[in-house]
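Below is one structure; the comments refer to it alone.
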Amino acid sequence: MMRMLHWLMTLILAAFALAGPARAEDGYDLWLRYRPLPAAQAPRVGAITVKGDSPMLQAAATELQRGLSGLSGTRVALAPTAVAGGIVVAGARDPAVTALKLPTAALGEEGYLVRAVRLSGIPVTLVTANSDRGLLYGSFALLRRLQTGSDVAETSAPKVRLRLLNHWDNLDGSVERGYAGQSLWDWWMLPDFADPRYTDYARANASIGINGTVLNNVNASADSLTAPYLAKAAALADVFRRYGIKVYLSVRFSAPVEIGGLKTADPLDPAVAAWWRAKTDEVYAAIPDFGGFLVKANSEGQPGPRDYQRSHADGANMLAAAIAPHKGLIMWRAFVYADDNPDDRAKQAYADFKPLDGKFAANVIVQVKNGAIDFQPREPFHPLFGAMPQTPLMMEFQITKEYLGMATHLAWLGPMFEETLRSDTLQKGKGSTVARVVDGSLHGHALTGMAGVANVGRDRDWAGSTFNQANWFAFGRFAWNPAADSDTVAGEWAAMTFGPDPALVDKIVGIMAGSREAVVDYTSPLGLTHQMATGHHYGPGPWVSDLKRPEWNPVYYARADRQGIGFDRTASGSNAIAQYAPAFARPLADPATTPARDLLWFHHVPWTHRMASGRTLWEELVTRYNAGVTTVAAMRRDWAALQPQIDADRFAKTATFLAVQEREARWWRDASIAYWMSVNGLPLPAGAAPPAHDLAWYKAQSYPRAPGHPG
Ligand code: BDP
């Protein structure tokens, strides 16, 4: 019997060794899974020929080999010269490529062209570009086209120069507003040990065109500029370089005091300027291709030039002068609001920055959040976009879902990026879209950028959920092309992540498409904003009114009373609408011509106000909360129906998360409705379900250890 058992075990182990362990779909591979395509779609590639051997081209060759071998199910070889039916990666200056007279000039420094050609008479698929970086992007593009079952021909060049992730990662390994585990950067083990994961992070970024990463939190520790931490950052830069990714750092404005031993950080003090010059030289000695500094100054308690009665331009320009000899950049954030300013928070950044237009040095770009408050589920575009024609402005989106359900809720941000970027500022007539401010075409700026606050951490699936990966992917695609289309990007991602079956892709895109609107509906419909609980921002807190600064309290934003609700930003209120172009502001002066989705952002409206739908405002509000919950329930049902087509692991985790989301959507709806009823004294609209608990119950919920909270 024992012998029999032993024999059986040996047989099983042998079979296991032959087949290899089944590759779990744990999400680690992101959208670069390269699983074999169905036979009809599988690429038949003779061999891969990469002309040149720079580290970046080696990265391209490795990726192509890995991808094509995976997708075709057979190992594809690298060959020194082109073979018929093969893939050739060659620069536009290669004589064989030049002979083809392809339109490569338009590709610029980073674009690429992929096309079936005859190269010296041999039929091949050619990837060409004006730089190694373009060739790397073109190689990833070719793989994407194959993964999505598209024709391989593609010509593309990025419309935005800086395409950066902003990590809000702390030196102790925690991540501010991070919901995917600890920081990827193992600062303790760096610079000695470069986790192989850093390479996979760089691959993922390169595959979507991201070309820079700010390693540390905007609430920066001065320590990140000390020699040991610069050595650690340099080790990361060494890994990222061959994927075309530059390293940047957030800096603390008072660093000259904290680590430099100076008595002041006054930007106009020559000793301070000299300190930054020396520090910057030290940074470049460690990281020769360092990108630049990101600065959060005079915002939420951070130090800055205003501590010395200097302007943001004074601060930015002093740093700009220090870094200019190295061709580095300063990204200066416009996310400012002062604790001593009683004016509408939504107006403060514009009030501070608009007068500084034209006063920034040439290597400064001002980084502006998409909306005037703070990454809420929906905000009208920031009034600074289009209003500072002489200053390059870069977009800052938040990919991590601090205000959209953290890791668990499925909220596809493509529609949010698209909505903001397509907004027409009307600053230079029709067509003055935010996208054209960001890509520089509206005011003729060559320095352009888009930053996304990263949602990645050390979780096995990087982003905390499969669908959160889509938001990382989307950020890259929109940074590459701010005119991108959300559904198209969703389709690409879904095909790469779950396989190219068009029917399956359609269903997944369908689930994603309305998901962000659902979050808006169940948390903050009709232009309400900032209704979340204190600190960690998890769950509802519309009643919160006890925080030190008025604008930290949800009641500040909703201004609900017995008569009505909403923030009057017209001339009779804060007049924030006057910060927009007159043609844009005009319809916003009247609730009747304000889009319903932004109504309570711009107006204080009676509960009895008649909406275009015929319902009263109160009825409409409840209808929207209900719609949010109903949409999530439908998403959950639609996902359940996909079980036969999705691998067990990713199916189950998403199904569980959708159940959590449905429960929490209901919680948001019920808590909000219970609170509004306590304010307006109105009965529930006919047919609406009453909240599951009374208001006291909702107020009593507390989550002291919710993730991502810096406190
Ligand atoms: C807020 C976050 C806070 C960030 C801040 C910022 O709650 O953690 O530090 O944005 O962007 O939304 O600086």
Side-chain angles (χ1 to χ4, degrees), residues 164-172 174-180 183 214-221 224 248-254 293-304 306 312 315 331-339 345-346 348-349 352-353 366-379 382 384 393-407 411 413 416 420 449-455 457 471 475 519 523-524 529-539 541 544 547-549 551-554 556-557 703 706-711:
L164 310 189
L165 287 185
N166 284 185
H167 286 268
W168 286 359
D169 295 20
N170 298 313
L171 302 182
D172 66 1
S174 62
V175 181
E176 182 154 341
R177 312 309 178 182
Y179 311 105
S183 170
V214 184
L215 297 176
N216 60 324
N217 195 351
V218 286
N219 298 318
S221 158
S224 63
Y248 298 72
L249 289 172
S250 295
V251 295
R252 186 165 165 88
F253 199 76
S254 53
F293 296 138
L294 171 64
V295 193
K296 172 177 178 178
N298 295 118
S299 165
E300 301 186 327
Q302 294 300 314
R306 310 220 26 178
H312 286 283
M331 296 169 292
W332 192 271
R333 292 177 94 221
F335 176 66
V336 297
Y337 58 103
D339 46 5
R345 173 172 169 188
Q348 295 188 26
D352 267 9
F353 279 80
V366 173
Q367 182 165 315
V368 183
K369 287 191 182 182
N370 58 294
I373 301 225
D374 192 358
F375 293 144
Q376 297 303 297
R378 163 164 287 124
E379 296 195 28
H382 200 299
L384 278 174
L393 299 187
M394 69 190 274
M395 171 64 77
E396 178 176 325
F397 282 125
Q398 193 180 42
I399 312 172
T400 189
K401 302 203 311 300
E402 174 178 0
Y403 303 101
L404 290 100
M406 302 189 175
L413 301 181
M416 190 175 91
T420 307
M450 197 186 289
V453 180
N455 65 348
N471 293 329
F475 172 74
V519 180
T523 63
S524 45
T529 200
H530 208 288
Q531 294 300 298
M532 67 286 167
T534 304
H536 49 62
H537 299 162
Y538 170 68
V544 173
L547 302 176
K548 156 165 135 257
R549 286 166 57 165
E551 74 283 354
W552 283 353
N553 293 291
Y556 168 93
Y557 298 93
Y703 300 90
H709 181 216

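Keep in mind that this is a model prediction, so the values were computed, not measured. For ligands, and for the atoms within them, numbers begin at 1 and follow the listed sequence. For the numbers below, each heavy atom of this structure counts, side chains included, while hydrogens, waters and symmetry mates do not.
Nearest to atom 10 (O) of ligand 1 among the protein's heavy atoms is K369 NZ, 3.1 Å. For atom 5 (C) of ligand 1, the nearest non-hydrogen atom of the protein is E300 OE1, 3.4 Å.
Under a 4.0 Å criterion applied to the non-hydrogen atoms of W168, ligand 1 contributes the atoms 4 (C), 5 (C), 6 (C), 10 (O), 11 (O). Within ligand 1, counting atoms from 1 as listed, the ones closer than 4.0 Å to a heavy atom of R177 are 2 (C), 3 (C), 7 (O), 8 (O).
With hydrogens and angles ignored, the 3.5 Å screen pairs no side-chain donor or acceptor of E402 with any backbone N or O of H537.
Nearest heavy-atom pair across L294 and V218 is CD2-CG1, 3.5 Å. In this structure, R378 and T529 approach most closely via the heavy-atom pair O-OG1, 4.4 Å.
The closest heavy-atom contact to atom 11 (O) of ligand 1, among the options R333, H709, K296, comes from R333. One option in E176, E402, H530, Q367 has a heavy atom closer to atom 8 (O) of ligand 1 than any other, and that option is E176. Considering each of D374, V453, N166, the one bringing a non-hydrogen atom nearest atom 1 (C) of ligand 1 is D374.
R345 has no carboxylate O lying under 4.0 Å from a charged side-chain N of E551, or vice versa, which leaves the two without a salt bridge.
V519 pairs by the side-chain contact (heavy atoms from CB on, under 4.5 Å) definition with L404, A411, Y522, T523, Q661, not counting sequence neighbours. Listed by chain and residue number, R333 satisfy the salt bridge (Lys or Arg N to Asp or Glu O under 4.0 Å) test with E396 (two or more places apart in sequence, or in another chain).
Classified by interplanar angle (parallel below 30°, tilted 30° to 60°, perpendicular above 60°), the ring pair H530/Y557 is parallel.
Using a non-hydrogen distance threshold of 4.0 Å, Q302 does not register as a contact of ligand 1. Between H537 and ligand 1 there is a heavy-atom distance shorter than 4.0 Å.
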